[in-house]
Amino acid sequence: MLTQKGIMSMTKFSGSQTEDKLHVALIMDGNGRWATRQGKARFQGHQAGASRVREIVEAAPDLNIGTLTLFAFSSDNWRRPRYEVDFLMGLFQSYLKNEIEKCIKNGIRLSIIGRRDRLQPQIIDLIEHAEEVTAAGQNLHLRVAVDYSSKEMILQAAKRLSQESNISMENFENLLTNSIYPWESSPDVDLLIRTGGEKRLSDFLLWECAYAELYFTPVMWPDFSSENFCEALGDFQKRERRFGQIPQNAVV
Ligand code: FPP
């Protein structure tokens, strides 16, 4: 099994990013099924999932990860039963209250991406406070996606761009980034991991995943340990990223 030390020596194959550290995105799926299989209520699956979030976030800086983006609540998740939505928002609120000191201590910068206009005012206050007090963190940029939809974000950018005559890839990308979060940069994703056995992107970071390596595991999120996380990174390490170019060992 790949160790954390082994992973520290990983570098990117190539690409446009100058940063050496990786951007890993996580679709934390399977909380509900995990709970049902154990005869527990779905909220208990989310509770167990939140503990895994803490473990994975703690492991990330030692795994050469510079940015970790977690899909905590999609814009489509508003369609879930009210009590489940309320429970998830409560978990998120507790995370913002209880993890901030640890983030500051461990040099973790926290940002929340997604829409804010449908969140409760007390959650928005907590988000703003958390982002402000963790802004200087250098060890890891932790981004949590809440009320997030890639398609919506791209639509917002397109609306703004319709007033512009000079549309380049770069200014579209800037607008896209601005529509998620005005003062945030959004690096391309290197590795996207989805737990829970499904193999889809579910409207998550569609633009940023253009050249992401995809890793799907049947492990349900509440069971996804730091060892499983290392395994995923080990698999990523074996991939050859070509970004449209020919293989490095090609005979030409
Ligand atoms: C998907 O599993 C998971 C979610 C919609 C919520 C993810 C939330 C957490 C992991 C905990 C809170 C997060 C933070 C950052 C504090 P599902 O409910 O769709 O599972 P299922 O597919 O088995 O039903």
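Atoms within each ligand, like the ligands themselves, are counted from 1 in listed order.
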Please check if the number of heavy atoms outside R118 that lie under 6.0 Å from its CZ is greater than 12.
yes
Specify the protein heavy atom at minimum distance from atom 23 (O) of ligand 1: its residue, its atom name, and the distance to 0.1 Å.
R33 N, 2.6 Å
Give a yes or no on whether a salt bridge exists between E99 and K105, defined as a side-chain N under 4.0 angstrom from a carboxylate O.
no
Can you check whether I100 reaches L110 side chain to side chain, under 4.5 Å on heavy atoms?
yes
Hey, is A72 one of the residues with a heavy atom under 4.0 angstrom from ligand 1?
yes
What do you reckon, does Y95 have a nitrogen or oxygen under 3.5 Å from a nitrogen or oxygen of ligand 1?
no
Just to confirm my output: which protein heavy-atom neighbour is closest to atom 9 (C) of ligand 1, and how far is it?
N31 ND2, 3.7 Å
Between T69 and R143, is there a donor-acceptor pair closer than 3.5 Å when you use the side chain of the first and the backbone of the second?
no
Looking only at protein heavy atoms, what sits closest to atom 12 (C) of ligand 1 is L91 CD1, 4.0 Å
D190 side chain to H23 side chain, donor-acceptor N/O pair below 3.5 angstrom
no
Selected option - heavy-atom contact closest to atom 15 (C) of ligand 1, from L142, I112, V85, V144:
V144
Using atom types as modelled and distance alone, determine if a side-chain donor or acceptor of E84 lies under 3.5 Å from a backbone N or O of P81.
no
Heteroatom proximity flag, G32 to ligand 1, N/O under 3.5 Å
yes
Which protein non-hydrogen atom lies closest to atom 24 (O) of ligand 1, naming both residue and atom, and how far is it?
R42 NH1, 3.0 Å
Quick one: does ligand 1 sit under 4.0 Å from the side chain of L88, the backbone, both or neither, non-hydrogen atoms only?
side chain
Under 3.5 Å, is there a donor-acceptor pair linking the side chains of D29 and T195?
no
Does R52 come within less than 4.0 Å of ligand 1, judged by its heavy atoms?
no
Report yes if the side chains of V57 and L70 come closer than 4.5 Å at any heavy-atom pair, otherwise no.
yes
Please identify which atoms of ligand 1 are closer than 4.0 Å to at least one heavy atom of W221.
10 (C)
Is there any side chain to side chain donor-acceptor pair (under 3.5 Å) pair reaching into residues 209-221, and which pairs are they, with sequence neighbours excluded?
E213-R239
Does any N or O atom in W34 lie less than 3.5 angstrom from one in ligand 1, N or O only?
no
Closest non-hydrogen protein atom to atom 19 (O) of ligand 1, residue and atom name please, with distance?
R80 NH2, 2.7 Å
Quick one: are C230 and L63 in side-chain contact, heavy atoms under 4.5 Å?
yes
Starting from atom 3 (C) of ligand 1, which protein heavy atom do you reach first, and at what distance in Å?
M28 O, 3.2 Å
Test item: side-chain donor near acceptor, W78 and D147, under 3.5 Å
yes
Please say whether N77 places an N or O atom under 3.5 Å from an N or O atom belonging to ligand 1.
no
Of the protein's non-hydrogen atoms, which lies at the shortest distance from atom 14 (C) of ligand 1, and what is that distance?
V53 CG2, 4.2 Å
Between ligand 1 and D29, is the shortest N or O to N or O distance under 3.5 Å?
yes
